[in-house]
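Here is the structure we will look at, set down as structure tokens.
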Amino acid sequence: MKILVIADEESRSLWDYYTPDKLKDIDLILSCGDLKPEYLSFLVTMAHCPLLYIHGNHDGIYERKEPEGCICIENQIYEYKGIRILGLGGSCWYNGGSHQYTQKEMKRKVQKMWLKMRQKKGFDILLTHAPTKGINDEESAAHQGFEVFKELLEKYSPKYHLHGHVHLNYGRKPRVTKYKNTVIINGYESYIFTYEE
């Protein structure tokens, strides 16, 4: 299955310079947040496949204008063609904006989902806006990762952790890295990968 991951900045290639061949083989689009609702609606219309999203720390606009035709999987496990996707949006708290959480608040959000995770026997993809603490994050308060994400990776060993928030143009962060059995992908702008069974 070919998956397009998007986050943080609209891809000019996919929007301003879109041509039908760019999305023809895409089976699923996953948004890690901080993208215009019009952009998500455009992509889901052009791709003819589902687009699942969670909130970034700059997605307060979604409360007034949701992305049309897209599915919000915030705080749930969504199953698509046998792939279990856990969605946890938001970033670490830094100025009190919408979709910002302290480490304790995010831990509580995860604890509220333990029954769903148990019923689904875990998950295959962790879809978040913020990265994991200590993996692809920054030291600044605004771009720190969440500690509880590492606990999820260690306990459930998902195949993938997809995140955004830390823009690749901030510095020399890798696009793809690995933590134990989990491949971690920074979805900044756009990235296509093949989900292996």
Side-chain angles (χ1 to χ4, degrees), residues 1 3 5-8 28-35 40 50-60 62-63 66-67 70-94 96-138 141-166 176-187 193 195-197:
M1 179 182 294
I3 298 177
V5 189
I6 53 176
D8 302 304
L28 180 64
I29 302 173
L30 298 175
S31 172
C32 300
D34 280 357
L35 293 165
L40 299 189
L51 189 155
L52 312 179
Y53 72 93
I54 45 92
H55 296 98
N57 56 301
H58 297 299
D59 286 337
Y62 289 9
E63 287 147 29
E66 289 184 9
C70 304
I71 303 164
C72 180
I73 65 163
E74 186 101 13
N75 305 324
Q76 60 180 295
I77 298 175
Y78 186 92
E79 198 162 334
Y80 179 70
K81 294 189 176 180
I83 300 173
R84 301 158 300 170
I85 306 162
L86 170 58
L88 291 166
S91 73
C92 279
W93 188 97
Y94 62 96
S98 62
H99 308 293
Q100 294 180 22
Y101 307 97
T102 64
Q103 295 287 348
K104 284 183 180 178
E105 287 170 334
M106 183 57 75
K107 188 162 188 147
R108 276 197 294 272
K109 281 175 65 141
V110 169
Q111 286 170 340
K112 286 179 184 176
M113 297 191 62
W114 75 267
L115 184 58
K116 290 177 189 174
M117 287 186 269
R118 187 173 172 198
Q119 289 170 337
K120 294 282 188 181
K121 296 183 173 75
F123 51 92
D124 304 298
I125 296 176
L126 175 60
L127 180 68
T128 68
H129 180 60
T132 297
K133 177 83 170 163
I135 305 172
N136 291 352
D137 67 344
E138 300 279 343
H143 294 99
Q144 283 181 14
F146 285 109
E147 295 163 358
V148 71
F149 293 170
K150 191 176 276 185
E151 293 173 28
L152 288 172
L153 299 182
E154 290 176 352
K155 183 171 182 179
Y156 294 100
S157 284
K159 290 184 179 186
Y160 295 93
H161 175 199
L162 313 175
H163 72 85
H165 194 53
V166 179
V176 180
T177 188
K178 195 163 186 182
Y179 180 74
K180 298 196 174 179
N181 296 318
T182 303
V183 175
I184 299 172
I185 299 173
N186 183 335
F193 73 99
Y195 182 92
E196 303 289 352
E197 290 298 324

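Since we're looking at a predicted model, the values are computed, not measured.
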Answer yes or no: is there a side-chain heavy-atom contact under 4.5 Å between [X] and [Y]?
{"X": "Tyr195", "Y": "Ile125", "answer": "yes"}
{"X": "Lys159", "Y": "Glu196", "answer": "no"}
{"X": "Ile54", "Y": "Ile73", "answer": "yes"}
{"X": "Phe149", "Y": "His163", "answer": "no"}
{"X": "Ile85", "Y": "Tyr160", "answer": "no"}

Rounded to the nearest 0.5 Å, what separates atom [atom1] in [X] from atom [atom2] in [Y]?
{"X": "Glu63", "Y": "Ser98", "atom1": "CD", "atom2": "OG", "value": "5.5 Å"}
{"X": "Ile184", "Y": "Leu153", "atom1": "CD1", "atom2": "CG", "value": "5.5 Å"}
{"X": "Tyr53", "Y": "Leu40", "atom1": "OH", "atom2": "CG", "value": "8.0 Å"}
{"X": "Glu74", "Y": "His99", "atom1": "CD", "atom2": "NE2", "value": "6.5 Å"}

TODO: With His165 as reference, evaluate Asp8, Asn186, Asn57, Asp34 under the side-chain hydrogen bond (donor to acceptor under 3.5 Å, both in side chains) test and give the passing residue.
DONE: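 When Asp8, Asn186, Asn57, Asp34 are each tested with His165, the side-chain hydrogen bond (donor to acceptor under 3.5 Å, both in side chains) holds only for Asn57.
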Open item on the list: Let's go through Tyr179 and His161 carefully: what are the C-alpha distance in whole Å and the side-chain angles of both, what is the deciding distance for ring-ring contact (aromatic ring centres under 6.0 Å, His included) to 0.1 Å, and is it a yes or a no?
Closed with: CA-CA 9 Å; Tyr179 180 74; His161 175 199; 9.9 Å; no
Task: Minimal non-hydrogen separation, Phe193 against Val5, with atom names - done: CE2-CG2, 3.4 Å
- [ ] Would you name the heavy atoms of Cys32 and Leu127 that are closest together and state the gap between them?
- [x] SG-CD1, 3.6 Å
- [ ] Using the side chain to side chain donor-acceptor pair (under 3.5 Å) rule, collect all pairs that involve residues 112-125, keeping only residues at least two apart or in two chains.
- [x]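 Residue pairs with at least one partner in residues 112-125: Glu79-Lys120, Arg84-Asp124.
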Open item on the list: Applying salt bridge (charged side-chain N to carboxylate O under 4.0 Å, His left out), can you list everything that pairs with Lys178, at least two apart in sequence or on another chain?
Closed with: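 With sequence neighbours excluded, Lys178 shows a salt bridge (charged side-chain N to carboxylate O under 4.0 Å, His left out) to no residue whatsoever.
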